[in-house]
Amino acid sequence: MTILITSILIISLLLIATERQTNINKATLAIFAATLGWVLYICFGADFVASQHQNEYTEFLGGLTHNSDVVKEYIARNIFLPYVGHAAEIVLFLLATMNIVEILHANGCFDFLTVWIRTRNSRLLMWKLTAVTFIMSANLDNISTIILMLTITNSILPRTKDRMIYGSTVLLAVIFGGALTVIGDPTGLVLWNKGAITASDYSLSMLCPCLLAWILPTFIISNRLSSTIEIEQGSLPYRGDDTKLNTWQRLLFFFVGIGGLWFIPTFHDITKLPPFLGALCVLSLLWIVHELVNHSLLKESGHRISSKSPHRMQYNTIQQILYIVGVILALGVVTETGSITWFAEQIDSLIGNVWVIGAITALLSTVLDSFASCITMISLHDVTNSDPYYSVGGAYWKVLSFGTAIGGSILGIGSISGIIMMQMQGVTLKWYMKYITPLTLCAGIAAFLLLCIQLTI
């Protein structure tokens with residue numbers, strides 16, 4: 001049964017890697033693999049419990065009689081629910097940030113970006129777009145950031161070819177901006193919740209490599225552009241009654257929302273509570289401000305703050321949430337069979353070098369989703385102080401996280417953000433490989449070597 005459950009995960013990962021060919025949504029595959037795996041696990045639960053949790057199960061029994069129902073109850077409470085809890089921490093954080101972005105967007109807090117970014121200087125336009133994207137991605141989830149910034153990009157640029165070029169550089173800024181902080185990308189959030197990294201140390205280690213991986217290809221692409229570019233001279237989108245908000249009110253929303261997200265690591269350090277609770281706290285404060293500032297408008301009959309975040313953002317965020325839940329639960333059931341422990345032992349004996357493992361993970365992430373690649377490798381080891389590579393803030397965790405970011409940028413299909421960009425901008429894999437991949441590959445190798453040098457000094 002162990003072989004069957006492990007095979008289900010492997011087949012699912014292969015199908016996820018070939019999503020563009022099979023046209024089967026990766027979230028569907030992950031959820032199906034997780035569900036089927038846990039059903040098979042609980043059907044043969046007695047054997048797995050006896051081999052993996054014998055002592056804990058004996059304590060659980062107490063005076064109870066051993067039977068199949070008791071075994072199933074033990075699995076449901078003591079084995080399955082902890083993995084649900086791990087997934088829920090990520091999901092609740094993403095739900096909180098998604099709603100924070102929606103409130104900010106509904107109150108026009110991002111509209112000023114369109115005005116500030118718009119320019120006919122093609123190179124300046126690219127740097128403005130990518131710099132704003134890099135900063136936003138470090139503070140918001142990647143999905144919300146890529147959709148918001150591509151929406152702004154497409155409102156400025158009328159030509160499809162220009163949208164493809166600028167959209168690709170926005171993607172690089174999203175990926176490496178997200179990799180800079182523990183809240184910018186789900187992989188960093190998983191490591192943070194696991195206790196493998198601290199927020200400040202992680203960001204300091206990632207700063208120079210992330211900047212290099214973003215700036216180097218963007219610099220080369222921008223130098224290939226003509227001096228001027230054709231742009232749309234459209235006005236800001238109509239937002240209904242919320243256009244009555246003053247500038248100071250929109251700045252207040254922006255300060256509470258983004259400033260609150262910056263405070264989450266400090267909240268976690270002080271209280272030791274999960275980060276998602278800090279995100280929910282920020283959401284509640286922003287929500288209160290929203291109700292107070294817009295009280296008169298919300299009270300009037302027929303007058304609402306009607307602007308919503310783009311439907312694409314909502315759909316893709318929900319898709320990402322389901323995908324994350326599926327991957328965590330699917331890897332959880334394989335871990336409980338003992339296969340992950342065996343695989344970790346084989347990797348350590350055959351390779352035993354965290355830098356090589358990081359490079360292999362980056363390679364896998366070019367075709368397999370970067371989150372699935374990273375969380376698979378993360379599950380191979382626990383946080384331990386006996387080995388500096390696997391201790392809190394150890395090189396292993398940082399190399400894995402950055403390696404998957406590099407892999408996701410090389411072909412574009414290694415991340416959900418990349419797939420969204422290709423769909424919104426009409427970018428084909430062939431075009432991306434011809435014009436973007438050589439640059440991201442070279443920049444990724446240079447940034448990876450820089451990270452390795454930093455971590456070995």
Task: Main-chain N/O of Ala138 paired to Thr181 side chain as donor or acceptor, under 3.5 Å - done: yes
Task: Gap separating the CD1 atom of Ile146 from the OG1 atom of Thr133, nearest 0.5 angstrom - done: 7.0 Å
Open item on the list: Checking the side chain of Thr456 only, and the main-chain atoms of Cys452 only, is there a donor and an acceptor separated by less than 3.5 Å?
Closed with: yes
Task: Heavy-atom closest contact (Asn193 atom, Pro275 atom, distance) - done: OD1-CD, 3.1 Å
Task: Worked check of side-chain contact (heavy atoms from CB on, under 4.5 Å) between Val427 and Leu171 - done: CA-CA 12 Å; Val427 174; Leu171 173 64; over 6 Å; no
Task: Validation row: Tyr389, Val399 side chains within 4.5 angstrom (heavy atoms) - done: no
Open item on the list: Keeping Thr198 on the side-chain end and Ser200 on the backbone end, is there a donor-acceptor pair under 3.5 Å?
Closed with: no
Open item on the list: Between Ser365 (side chain only) and Gly408 (backbone N and O only), is there a donor and an acceptor less than 3.5 Å apart?
Closed with: no
Task: Partner set under side-chain contact (heavy atoms from CB on, under 4.5 Å) for Ile445, not counting sequence neighbours - done: Leu441, Leu449
Task: Heavy-atom closest contact (Thr145 atom, Met136 atom, distance) - done: OG1-O, 3.8 Å
Open item on the list: Is there a side-chain contact between Leu225 and Tyr166 in this structure, where contact means two heavy atoms from C-beta onward sitting under 4.5 Å apart?
Closed with: yes
Open item on the list: Quick check for you: to the nearest 0.5 Å, what is the distance between Ile406 atom CD1 and Ile410 atom CD1?
Closed with: 7.0 Å
Open item on the list: If I take atom CZ from residue Phe255 and atom CG from residue Leu286, how far apart are they, to the nearest 0.5 angstrom?
Closed with: 12.0 Å
- [ ] Given side-chain hydrogen bond (donor to acceptor under 3.5 Å, both in side chains), test Ser339 with Thr6 step by step and report yes or no.
- [x] CA-CA 7 Å; Ser339 298; Thr6 305; 2.9 Å; yes
Open item on the list: Restricting to ring-ring contact (aromatic ring centres under 6.0 Å, His included), what partner residues turn up for Tyr323, sequence neighbours left out?
Closed with: none
Task: Exercise: do Asn385 and Ser391 side chains pair donor with acceptor under 3.5 Å - done: no
Task: Minimum heavy-atom distance between Ser417 and Val174, given as atom pair plus value - done: OG-CG1, 4.0 Å
Task: Flag side-chain contact, heavy atom, 4.5 Å: Leu157 against Ile231 - done: yes
Open item on the list: I'd like to know if the side chain of His268 reaches the main chain of Pro274, judged simply by a donor and an acceptor atom lying under 3.5 Å from each other, with no hydrogens or angles considered.
Closed with: no
Open item on the list: What's the separation between atom CE in Met164 and atom CE in Met424, rounded to the nearest 0.5 Å?
Closed with: 14.5 Å
Open item on the list: Testing the basics here: between Trp397 and Ile197, what is the closest heavy-atom pair and its distance to 0.1 Å?
Closed with: CB-CG2, 4.1 Å
Task: Heavy-atom donor-acceptor pair, Gln454 side chain to Ser205 backbone, under 3.5 Å - done: yes
Open item on the list: Considering only residues two or more places apart or on different chains, which pairs with a residue in residues 402-416 satisfy side chain to side chain donor-acceptor pair (under 3.5 Å)?
Closed with: none
Task: Main-chain N/O of Trp116 paired to Lys128 side chain as donor or acceptor, under 3.5 Å - done: yes
Task: Partner residues of Lys398 under the salt bridge (charged side-chain N to carboxylate O under 4.0 Å, His left out) criterion, sequence neighbours left out - done: Asp201
TODO: Report yes if the side chains of Val170 and Met421 come closer than 4.5 Å at any heavy-atom pair, otherwise no.
DONE: no
Open item on the list: Once ring-ring contact (aromatic ring centres under 6.0 Å, His included) is applied, do any residues pair with Trp431, and if so which ones, sequence neighbours excluded?
Closed with: Tyr435
TODO: Could you check Leu172 against Thr130 for side-chain contact (heavy atoms from CB on, under 4.5 Å), going step by step and ending with a plain yes or no?
DONE: CA-CA 8 Å; Leu172 299 181; Thr130 57; over 6 Å; no
- [ ] List the atom of Leu322, the atom of Ile31, and the distance in Å for their closest heavy-atom pair.
- [x] O-CD1, 3.3 Å
Open item on the list: Would you compute the distance between atom CZ of Arg118 and atom CG of Leu125 and round it to the nearest 0.5 angstrom?
Closed with: 9.5 Å
Open item on the list: Let me confirm one number: the CD1-CD1 distance from Ile11 to Ile16, rounded to the nearest 0.5 Å.
Closed with: 12.0 Å
Open item on the list: Restricting to side-chain hydrogen bond (donor to acceptor under 3.5 Å, both in side chains), what partner residues turn up for Thr384, sequence neighbours left out?
Closed with: Ser386
Open item on the list: For the residue pair Ser379 / Thr335, report whether a side-chain donor-acceptor contact shorter than 3.5 Å exists.
Closed with: no
Open item on the list: Going by side-chain contact (heavy atoms from CB on, under 4.5 Å), name the residues that satisfy it together with Ser401, two or more places apart in sequence or in a different chain.
Closed with: Thr187, Leu191, Tyr202, Met206
- [ ] For Thr153, check side-chain hydrogen bond (donor to acceptor under 3.5 Å, both in side chains) against everything at least two apart and list the hits.
- [x] none
TODO: Please answer whether the main-chain N or O of Gln425 pairs with a side-chain N or O of Arg163 as donor and acceptor at a distance below 3.5 Å.
DONE: no
Task: Expected output: side-chain Arg159 to main-chain Glu230 donor-acceptor under 3.5 Å - done: no
Open item on the list: Restricting to side-chain contact (heavy atoms from CB on, under 4.5 Å), what partner residues turn up for Thr97, sequence neighbours left out?
Closed with: Phe93, Leu94, Asp141, Leu261
Task: Test item: Ile221 and Ile436 side chains (from C-beta on) under 4.5 Å apart, heavy atoms - done: yes
TODO: Kindly write out the residues that satisfy ring-ring contact (aromatic ring centres under 6.0 Å, His included) with Tyr390, not counting sequence neighbours, or none if the list is empty.
DONE: His381, Tyr396
Task: Close side-chain approach of Asn142 and Ile175, heavy atoms under 4.5 Å - done: no
Open item on the list: Between Thr437 and Leu411 (side chain of the first, backbone of the second, donor and acceptor by atom type, cut-off under 3.5 Å), is there such a pair?
Closed with: no
TODO: Name all pairs fulfilling the ring pair (Phe, Tyr, Trp, His ring centres under 6.0 Å) condition that reach into residues 15-37, sequence neighbours left out, sorted by first residue then second.
DONE: none
- [ ] Under the side-chain contact (heavy atoms from CB on, under 4.5 Å) rule, what do Leu129 and Met126 come out as? Steps first, then yes or no, please.
- [x] CA-CA 5 Å; Leu129 270 173; Met126 178 169 288; 5.8 Å; no
TODO: Check whether any side-chain heavy atom of Phe343 sits under 4.5 Å from a side-chain heavy atom of Ile347, and report yes or no.
DONE: yes
Open item on the list: For Ala330 versus Ala34, what's the shortest heavy-atom pair and its separation?
Closed with: N-CB, 3.6 Å
Open item on the list: Is the shortest side-chain heavy-atom distance between Leu283 and Leu95 below 4.5 Å?
Closed with: no
Task: Evaluation steps, side-chain contact (heavy atoms from CB on, under 4.5 Å), between Leu180 and Leu211 - done: CA-CA 9 Å; Leu180 178 61; Leu211 286 173; over 6 Å; no
Task: Residues forming a side-chain contact (heavy atoms from CB on, under 4.5 Å) with Val282, sequence neighbours excluded - done: Ile100, Ile264
